[in-house]
2 protein chains.
Amino acid sequence: MSTSSRFAVAVHVLTLMAWADEEPLKSEQVAESVNTNAVVIRRMLCELAESNLVVSQTGSMGGSKLARLPEKITLLDIYQAVESRGVFSLHRHPPNPDCPVGVNIGSVLNDVLDEVDSAVERVLANMTLRDVVSRLQPCTGATNSKSARVTANGKRKQVARLQSVSVRN
Amino acid sequence: MSTSSRFAVAVHVLTLMAWADEEPLKSEQVAESVNTNAVVIRRMLCELAESNLVVSQTGSMGGSKLARLPEKITLLDIYQAVESRGVFSLHRHPPNPDCPVGVNIGSVLNDVLDEVDSAVERVLANMTLRDVVSRLQPCTGATNSKSARVTANGKRKQVARLQSVSVRN
DNA sequence: TGGTCTGTAACAAATATAGTTACAGTTGGC
DNA sequence: GCCAACTGTAACTATATTTGTTACAGACCA
C-alpha cells in the first residue's frame, strides 16, 4: 500500500535527536544515520518544525533539536506532521454516477476508511518518542515508560517487511 | 500514504456482485460502473478468485459472481486479497549500521508497524460486504447487519479524501 | 463453427517518492 | 566586516508503483 517511508524516516530522525539530548544535530549528521541525502532530511525537518516538533537554527553552529521532551511527542504527532493522506485512497477516477452502486459507494467507503484511519491514530497516539528510545536501549533507565505496550504486538505479516528494495534483487 | 485505490475498487466490484445477487457480471459491466478499463477489472477479479471470493466463468454467457454470501465476506478478506503490503514502509535504503540508532530503529519500527497493521485488520474484520450493501440502500431489509457500526466513525481528516485527482486541477 | 467471454502478456501513461545540484540567506567567530 | 558553516528552498532527475491500453490465445455456449 504505502510506498512512502516518510513516517519511518521521521521517527528515525526524531529518535536521533532524543538520543542526542539537547545537542543540536546537523542535517548532514542525521542524513548519515538515515543513509540518505541531507536535503531530504532538511525538507523533512521543515515539516517537523511546522508541526512544532523540532526547532532549527540557521548559520554556523546551527542544527536542529527536539522542541519538547520525547515523552511529550507521540507517534501520532509525527505521523500527522509528515503523512498527509489517510492509509487508503478512493478511486482514482470517480465511479459512474448513473450506477446505483457507483453513485453511493464513495460515501460508504469514506466512512469505512475514516474508521480505519481512526484506529491507526489511536495506536500511534499511545506511543511516545520516549518509548521508542527506551526500546532502542533497554538497559538505560526510563522505567516509567509505556514501552511494554510495544512488546504486545500481534502477528507478523505474511510478506516480510524489507528494509530495502535492494535486498529483493 | 497509500497511492493505491485497489482496496476501494475491490470493495466496489464485490458490492456490485452482491447487488446483482447470483447473476454473473461481465468485466465490461463492472468496468463501466467503476469507470475504468475492463482489463483492470479482470486482473483484480483474478486476485479475488485466487482468494476464493469470486468465481468466474470463461466463454460466452460467462462472467463473475460472489463465491459465497456477502455476509460471509469481510472487508479484511478483501483487503488481504488485493493489498500485499502493510500500511507503512520502512526506509527505502537500510540505515547506517554504524550508528547505534540506525542499527536498531528497524526492529523497533517493525513492532510499531505490526501493531498498526493489526489495528487496521481488526477494524476491517468487523465489517462484511453485506454491511456495505446495507449502507448503500438503507431502505432495503438486511435488518440484522452491523451497519450501525459504520455510523460511529470518528473525526474527518483535515485533508479531504478526494474521489479523483482531476478534481484538484 | 462463430461469437462472446475470460486470462494474461507486453507495453505506455500517470503519479508519487526519493535523490541531486545549486544557491540565497543566516549566524557565529575571528 | 568577512569568512566558513549552517539551514531553507527551488529546480531538476531518477526510480518505483500503479493504472490504463492494446492485443491475442483459449474457453465456452448456441
Side-chain angles (χ1 to χ4, degrees), chain A residues 1-10 12-13 23-32 34-50 54-65 82-85 88-95 162 164-169, chain B residues 1-10 12-13 23-32 34-50 54-65 82-85 88-95 162 164-169:
Chain A
M1 298 191 18
S2 171
T3 60
S4 137
S5 60
R6 301 173 57 75
F7 176 66
V9 171
H12 185 156
V13 168
E23 178 83 9
L25 296 180
K26 297 170 208 163
S27 60
E28 281 291 356
Q29 297 176 284
V30 175
E32 196 172 351
V34 174
N35 192 16
T36 186
N37 191 290
V39 175
V40 173
I41 298 299
R42 275 182 251 153
R43 272 199 293 243
M44 179 160 283
L45 286 171
C46 286
E47 296 180 78
L48 294 170
E50 276 169 26
V54 305
V55 286
S56 299
Q57 186 162 25
T58 60
S60 173
M61 298 284 100
S64 306
K65 59 177 189 171
V82 300
E83 296 274 10
S84 48
R85 300 183 287 183
F88 291 109
S89 302
L90 289 189
H91 306 60
R92 203 138 100 166
H93 305 296
L162 299 175
S164 156
V165 279
S166 59
V167 176
R168 293 179 221 246
N169 303 331
Chain B
M1 295 194 18
S2 173
T3 60
S4 137
S5 60
R6 302 173 58 75
F7 176 66
V9 171
H12 185 157
V13 168
E23 178 84 9
L25 296 180
K26 298 171 208 163
S27 60
E28 281 291 356
Q29 297 176 284
V30 174
E32 197 171 350
V34 175
N35 192 15
T36 185
N37 192 290
V39 175
V40 174
I41 298 299
R42 276 182 249 153
R43 271 199 294 241
M44 180 161 283
L45 286 172
C46 286
E47 296 180 78
L48 294 171
E50 276 170 26
V54 305
V55 287
S56 299
Q57 186 162 26
T58 60
S60 173
M61 298 284 100
S64 306
K65 59 177 189 171
V82 301
E83 295 275 12
S84 49
R85 300 184 286 182
F88 291 110
S89 303
L90 289 189
H91 306 60
R92 204 139 100 166
H93 306 295
L162 298 175
S164 157
V165 279
S166 58
V167 177
R168 291 180 221 246
N169 303 331

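Protein chains get the first letters and strands the later ones, always in sequence-line order, with residue 1 at the start of each.
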Self-check item: Protein-nucleotide distance (A/His93, atom NE2; C/dA13, atom P), rounded to Å
Solution: 15 Å
Practice problem: Could I get the full list of side-chain contact (heavy atoms from CB on, under 4.5 Å) partners for A/Gln29, not counting sequence neighbours? | Solution: A/Leu25, A/Lys26
Quiz item: Once each nucleotide of nucleotides 25-30 of chain D is scored for protein heavy atoms under 4.0 Å, what B/S/- sequence comes out, 5' to 3'?
Solution: --BBS-
Quiz prompt | Whole angstrom value for the distance that separates C1' of C/dC5 from CD of B/Glu23 | solution = 14 Å
Practice problem: Look at B/His91 and C/dA18 and indicate whether a side-chain polar atom (N or O) is within less than 4.0 Å of OP1 or OP2. | Solution: no
Self-check item: Heavy-atom side-chain contact between A/Lys65 and A/Glu23 under 4.5 Å
Solution: no
Quiz item: Taking all atoms of both residues into account, what is the closest heavy-atom pair of B/Leu90 and A/Ala8, and its distance?
Solution: CA-CB, 3.9 Å
Quiz item: Which nucleotide in the set C/dT15, C/dT17, C/dT6 lies at the smallest distance from any side-chain heavy atom of B/Lys26?
Solution: C/dT6
Quiz item: Which nucleotide in the list C/dA9, D/dT19, C/dT6 gets nearest to the side chain of B/Arg6?
Solution: D/dT19
Quiz item: Which nucleotide sits closest to the side chain of B/Ser4: C/dT6, C/dG19, D/dT19?
Solution: D/dT19
Quiz item: Contacts to DNA chain C from residues 42-49 of chain B, heavy-atom cutoff under 4.0 Å, which residues?
Solution: B/Arg42, B/Arg43, B/Cys46
Quiz prompt | Short side-chain N/O contact to D/dG20 OP1/OP2 from B/Thr36, under 4.0 Å | solution = yes
Exercise. For A/Asn35 and for B/Ser56, locate the closest nucleotide of DNA chain C by heavy-atom distance; then report the residue assigned to the nucleotide nearer the 5' terminus.
Key: B/Ser56
Self-check item: Straight-line distance of B/Phe88 CZ to A/Ser5 OG, nearest 0.5 Å
Solution: 11.5 Å
Quiz item: What integer distance in Å separates A/Phe88:CZ from D/dT18:P?
Solution: 13 Å
Quiz prompt | Listed nucleotide nearest any side-chain atom of A/Ser5, set C/dT20, C/dT8, C/dA18 | solution = C/dA18
Quiz item: C/dT17 P sits how many Å from A/Ile41 CD1, rounded?
Solution: 16 Å
Self-check item: Distance in angstrom units between A/Phe7 CZ and C/dT17 C1', rounded
Solution: 18 Å
Self-check item: A/Glu32, CD: over 12 other non-hydrogen atoms inside 6.0 angstrom
Solution: no
Quiz item: Under the side-chain contact (heavy atoms from CB on, under 4.5 Å) test, which residues partner B/Val82, sequence neighbours left out?
Solution: B/Arg6, B/Ala10, B/Met44, B/Leu48
Quiz item: How close or far is atom C1' of D/dT18 from atom CD of B/Glu83, stated in whole angstroms?
Solution: 11 Å
Practice problem: Return the value, rounded to whole Å, for the distance between atom CG of A/Asn37 and atom C1' of C/dT21. | Solution: 9 Å
Quiz item: side chain to side chain donor-acceptor pair (under 3.5 Å) with B/Thr36: which residues, sequence neighbours excluded?
Solution: none
Self-check item: Check: B/Val34 and A/His91 side chains under 4.5 Å, non-hydrogen atoms
Solution: yes
Quiz prompt | Set of side-chain contact (heavy atoms from CB on, under 4.5 Å) partners for A/Arg42, sequence neighbours left out | solution = A/Ser27, A/Ala38, A/Val39
Quiz item: Could you give the CZ-to-P distance, from B/Arg92 to D/dA16, as a whole number of Å?
Solution: 7 Å
Quiz prompt | Nearest-0.5 Å distance that lies between atom CZ in A/Phe7 and atom OG in B/Ser89 | solution = 12.0 Å
